Number of protein chains: 2
Amino acid sequence: MKLLVIEDEQGIRENIVNYFNEDGNICESCDCLSAAIDKLAVFDYDCVLLDIGLPDGEGFAVLEYLQKQIKNEAVLIISARNSLNDKLKGLNVGADDYLTKPFHLAELKARVVAIYRRRTFNSNNNLVFNEISINLPGRTVQVNQIQITLTRKEYDMLLYFIANKGKVISKNAIAEHLWGDEMDMHNNFDFIYTHIKNLRKKLLDANSNDYLKSIYGIGYKFMAE
Amino acid sequence: MKLLVIEDEQGIRENIVNYFNEDGNICESCDCLSAAIDKLAVFDYDCVLLDIGLPDGEGFAVLEYLQKQIKNEAVLIISARNSLNDKLKGLNVGADDYLTKPFHLAELKARVVAIYRRRTFNSNNNLVFNEISINLPGRTVQVNQIQITLTRKEYDMLLYFIANKGKVISKNAIAEHLWGDEMDMHNNFDFIYTHIKNLRKKLLDANSNDYLKSIYGIGYKFMAE
DNA sequence: TTTTAGCTTCAGTATTTCTTCATATTTATA
DNA sequence: TATAAATATGAAGAAATACTGAAGCTAAAA
């Protein structure tokens with residue numbers, strides 16, 4: 001999962017980032033509204049963890065920005081305030097959930113996972129596309145009822161493709177989604193080629209259709225019909 | 001055991017929480033209906049201790065919520081009212097037991113344990129998974145009818161794995177479950193490796209199948225089937 | 001006090017995954 | 001069709017993660 005933490009208190013911010021990164025997620029962060037908007041304008045995230053009280057304004061501005069841009073990031077508000085008003089305001093402008101400080105990292109993570117599942121998966125926690133079925137809690141992938149074993153990057157890639165099936169995904173977007181924004185790749189996409197190749201091979205070996213289409217000069221598209 | 005206490009009177013609530021936590025349980029609490037629903041939406045509990053008279057509504061709403069969500073938390077109602085009507089209403093909407101205030105903490109605990117056993121274990125108080133059989137009251141484990149001796153950490157780990165069989169469990173989640181969330185482990189999982197190793201060895205020495213699978217970069221999964 | 005069991009730490013090793021690189025193939029376009 | 005750029009591939013090196021056995025530590029038991 002790829003996450004963005006918007007939180008001005010350094011301690012809290014770093015705790016959250018470390019906690020998620022240890023689990024194999026890509027978690028980025030920033031400490032003010034303007035940096036947040038900058039990031040969101042350029043990158044896509046699965047979920048944004050948003051503090052309301054920021055040095056340069058209220059976090060609600062992020063929600064409004066996302067709505068205006070028709071971005072579909074999930075948003076979980078983290079806030080010191082626990083008034084019903086703030087909570088309702090946040091949920092009204094499009095937040096998915098609300099958590100009051102102080103909180104346990106485990107609870108934060110449980111909520112993020114819950115939001116993500118609600119958005120992405122069906123009621124059985126399975127993301128199904130034709131002969132491919134992904135089970136999130138078990139981190140397993142089945143093709144034609146037969147289980148295949150994917151590495152972390154392959155799994156993340158497949159999930160990303162299926163979540164965006166039918167859309168052309170640029171190589172930069174893939175890199176950004178799998179490695180985060182500190183990844184400097186000055187036009188070298190060799191590792192993407194390699195992971196694509198390996199993922200393709202595993203899927204084809206399991207008699208999947210050839211959904212992974214290369215778009216010359218741009219990136220890839222996971223064919224949906 | 002993981003419990004949730006829903007009770008608005010602070011004194012009673014804290015007494016219950018402390019009493020259960022001293023026994024090595026994980027006992028959380030909240031003081032109103034909406035906070036309770038928030039928690040139940042995200043977390044799973046073994047048993048919910050539910051007060052009926054809450055500031056923002058009747059506790060019965062929790063029972064209805066659990067039924068609607070098809071969650072299978074056990075529920076014990078704690079209430080000042082002891083009218084037959086209320087009792088019947090509670091049991092009708094799915095409560096497992098009913099206790100009238102005032103009560104002794106020892107009685108509360110006895111009832112919770114009774115409910116938990118009734119729900120989780122077969123008639124012999126055993127939690128059985130294939131050739132592994134765990135006896136909760138005795139904290140003993142048998143593999144293929146032969147008893148093996150586990151340390152506290154190993155036992156807790158095994159129980160946690162079997163309770164979450166089929167799901168990938170992150171090392172952070174394991175650490176939290178075994179040591180609590182204050183445990184600061186900045187990327188050092190050596191002790192988890194050690195306990196996993198020891199648990200594995202004991203199970204394999206007793207001719208158990210190799211259920212404990214490592215998920216590279218993430219954590220572990222106890223294979224179900 | 002001594003002994004012991006269990007927990008944690010550590011260093012060395014093994015394994016898995018990620019990245020790089022050299023080479024081959026495909027594609028766009030001049 | 002020729003050329004250059006982009007993409008694909010297999011193999012190998014590098015890095016990250018996991019495993020192991022042993023040793024030290026701690027707290028409870030004898």
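Computed from a predicted model, the values in this text were never measured in an experiment.
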inquiry  = As a test of reading the structure: which of dG6(C), dT7(D), dC18(C) is closest to the side chain of S214(A), going by heavy atoms?
reply    = dT7(D)
ask   = Atom CD1 of I192(B) to atom C1' of dC19(D): distance rounded to whole Å?
value = 14 Å
ask   = What's the OH-P distance between Y193(A) and dT27(C), to the nearest Å?
value = 14 Å
key: I218(B) CD1 - dT15(C) C1' separation (whole Å)   = 17 Å
ask   = How would you label the contact of L178(A) with the nucleic acid (heavy atoms, under 4.0 Å): base, sugar-phosphate, or nothing?
value = nothing
ask   = Side-chain N or O of Y220(A) less than 4.0 angstrom from OP1 or OP2 on dA8(D)?
value = yes
query = Between atom CD1 of I215(B) and atom OG of S170(B), what is the distance when rounded to the nearest 0.5 Å?
reply = 12.0 Å
query = Closest nucleotide of DNA chain C for H195(A) versus for Y216(B): which of these residues is on the 5' side?
reply = Y216(B)
task = Round to a whole Å and report the spacing from NZ of K153(A) to P of dA14(D).
result = 20 Å
query = After noting the C-alpha distance and the side-chain angles of R139(A) and D156(A), does the key distance pass the salt bridge (charged side-chain N to carboxylate O under 4.0 Å, His left out) rule?
reply = CA-CA 10 Å; R139(A) 242 188 133 79; D156(A) 288 348; 3.7 Å; yes
key: I52(A), L40(A), I77(A) screened by side-chain contact (heavy atoms from CB on, under 4.5 Å) with V62(A), the one that passes   = L40(A)
key: Polar side-chain atom of E9(A) near backbone of G11(A) as donor-acceptor pair, under 3.5 Å   = no
request  = Measure from NZ or CZ of K165(A) to the centre of the six-membered ring of F222(A), then state whether that distance is under 6.0 Å and the direction lies within 45° of the axis.
outcome  = no
message = Assuming nearest nucleotide by heavy-atom distance, tell me which of R152(B) and N198(A) is located more 5' along DNA chain C.
response = R152(B)
ask   = Among dT20(C), dT9(C), dC18(C), which nucleotide sits nearest the side chain of D190(A)?
value = dT20(C)
inquiry  = Just to be sure I understand the rule, does T194(A) reach a base, reach only the sugar-phosphate, or reach nothing, if contact means heavy atoms closer than 4.0 Å?
reply    = base
message = Under 4.0 Å, heavy atoms only, any strand: does K201(A) hit a base, just the sugar-phosphate, or nothing?
response = nothing
note = note: R200(A), atom CZ; dT9(D), atom C1'; distance rounded to Å ~ 11 Å
request  = Using a heavy-atom cut-off of under 4.0 Å over every strand shown, decide if L150(B) touches base, sugar-phosphate, or nothing.
outcome  = nothing
remark   = Whole-Å distance, K213(A) NZ to dA8(D) P, equals 12 Å
